[in-house]
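Scroll down for the structure; my scribbles are underneath it.
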Amino acid sequence: MKTYIILLVTVFSLFACHKENGQKEIQQDCYTPPTLEIYINKDSKVAQEFLLATGKVDSTSVSYINPKKEEKSLKDHIHIMNQDIYIHIIDFSLYTGKKDTIVLKNKNNSHQITILGKRISEDGCTWPELYQVWIDGKSVDKKYFSGFHLRWPNESLSQ
């Protein structure tokens, strides 16, 4: 009888441990680091600043300066996806709940992108959320951003 009780306690302990590990895995799966994904239509005027004459992305010349004033290369974080130039920035100095400014640089130009965003936590999940965006000091309409995705407008921006 004593053996059955020990066996029963061991089995329950293993199931409890397995359940706890499963919950930790779920929480890790729904963590999104402070990410800003920028999509620029390949046919837009701004996109030409990021392309070589061959139509490929000029990845060696593209970088950004984060709010801590550190310049970081985007060599491995910029490419063409469908009809867009896709730029993927992960930076822990973004989404502070205050206006955070990065400077997106290419060979000939630089663009100041200011975001007002925050990291949201709910039910063990964390993700970044944009509330307002300005490009070169001009406000971007809400229809151009959602979550941490920003589509660079083709039309001129309002002040």
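Below, each value reflects all heavy atoms present in this structure, side chains not excepted, and no hydrogens, waters or symmetry copies.
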Taking the side chain as everything from C-beta on, heavy atoms only, tell me whether Ser146 gets closer than 4.5 Å to Leu130. no
Kindly check if the number of other-residue, nucleotide or ligand heavy atoms within 6.0 Å of CG (Asp43) is above 12? yes
Measure across Gly124 and Cys30 and return the closest heavy-atom pair with its distance rounded to 0.1 Å. O-SG, 3.7 Å
Run the numbers on Leu104 and Ile87 for side chain to side chain contact (heavy atoms under 4.5 Å, CB included), then give the verdict. CA-CA 10 Å; Leu104 184 61; Ile87 302 171; 3.9 Å; yes
Answer yes or no: is there a donor N or O on one side and an acceptor on the other, between the side chain of Asp123 and the main chain of Cys125, under 3.5 Å? no
Distance from Tyr86 atom OH to His79 atom NE2, nearest 0.5 Å? 6.5 Å
How many angstroms lie between atom CD1 of Ile38 and atom NE2 of His77, to the nearest 0.5 angstrom? 13.0 Å
Which value, rounded to the nearest 0.5 Å, describes the distance between Leu150 atom CG and Glu37 atom CD? 10.5 Å
So how far is it from Ser44 OG to Arg151 CZ, rounded to the nearest 0.5 Å? 9.5 Å
With a 4.5 Å cut-off on side-chain heavy-atom distances among I, L, V, M, F, W and Y, is there a chain of contacts connecting Val46 to Phe145? yes
Membership question, hydrophobic clusters at under 4.5 Å side-chain separation (ILVMFWY): are Val62 and Leu51 in the same one? yes
Hydrophobic clustering (ILVMFWY, side-chain heavy atoms < 4.5 Å, transitive) - are Tyr95 and Tyr144 grouped together? yes
With a 4.5 Å limit on heavy-atom distance, are the side chains of Thr32 and Pro128 in contact? yes
Do Tyr39 and Ile135 sit in one hydrophobic cluster, given that two such residues count as connected whenever their side-chain heavy atoms are within less than 4.5 Å of each other, even indirectly? no
Sidechain N-carboxylate O distance under 4.0 Å for Glu71, Lys105: yes
If you take all heavy atoms of Asn66 and Glu70, which pair is closest and at what distance? ND2-OE1, 2.8 Å
For the backbone of Gly97 and the side chain of Arg119, can you confirm whether one donor and one acceptor N or O come within less than 3.5 Å of each other? no
Could you go step by step and tell me if Gln112 and Trp134 meet the side chain to side chain contact (heavy atoms under 4.5 Å, CB included) rule? CA-CA 8 Å; Gln112 184 174 328; Trp134 297 265; over 6 Å; no
Does the side chain of Ile89 reach to within under 4.5 Å of the side chain of Thr35, using non-hydrogen atoms? no
Between the side chains of Ser63 and Ser73, is a donor N or O closer than 3.5 angstrom to an acceptor N or O? no
Is the His111 ring parallel, tilted or perpendicular to the Trp152 ring (thresholds 30°, 60°)? perpendicular
Using a 4.5 Å cut-off on heavy atoms from C-beta on, say whether the side chain of Tyr64 contacts that of Leu74. yes
Does any non-hydrogen side-chain atom of Ile115 lie less than 4.5 Å from one of Ile102? no
Side-chain contact, heavy-atom cut-off 4.5 Å: Ile85 with Phe50? yes
Are side-chain heavy atoms of Tyr131 and Lys118 found at a separation under 4.5 Å? yes
Taking it one step at a time, do Asn41 and Asp84 satisfy side chain to side chain donor-acceptor pair (under 3.5 Å)? CA-CA 4 Å; Asn41 184 302; Asp84 294 316; 4.7 Å; no
Considering only heavy atoms from C-beta outward, does the side chain of Ser59 approach that of Ile78 to under 4.5 Å? yes
Is there a side chain to side chain contact (heavy atoms under 4.5 Å, CB included) between Lys42 and Ile80 once you walk through the steps? CA-CA 8 Å; Lys42 208 170 64 170; Ile80 294 177; 3.9 Å; yes
ILVMFWY cluster, Ile90 and Val103 together (side-chain gap under 4.5 Å): no
Determine, step by step, whether Ile113 and Thr101 satisfy the side chain to side chain contact (heavy atoms under 4.5 Å, CB included) criterion, reporting the C-alpha distance in whole Å, the side-chain angles of both residues, the deciding distance to 0.1 Å, and the verdict. CA-CA 6 Å; Ile113 301 173; Thr101 300; over 6 Å; no
Looking only at side chains, do Asn109 and Glu49 share a donor and an acceptor under 3.5 Å apart? yes
Look at atom NZ of Lys142 and say whether more than 12 heavy atoms of other residues, nucleotides or ligands are closer to it than 6.0 Å. yes
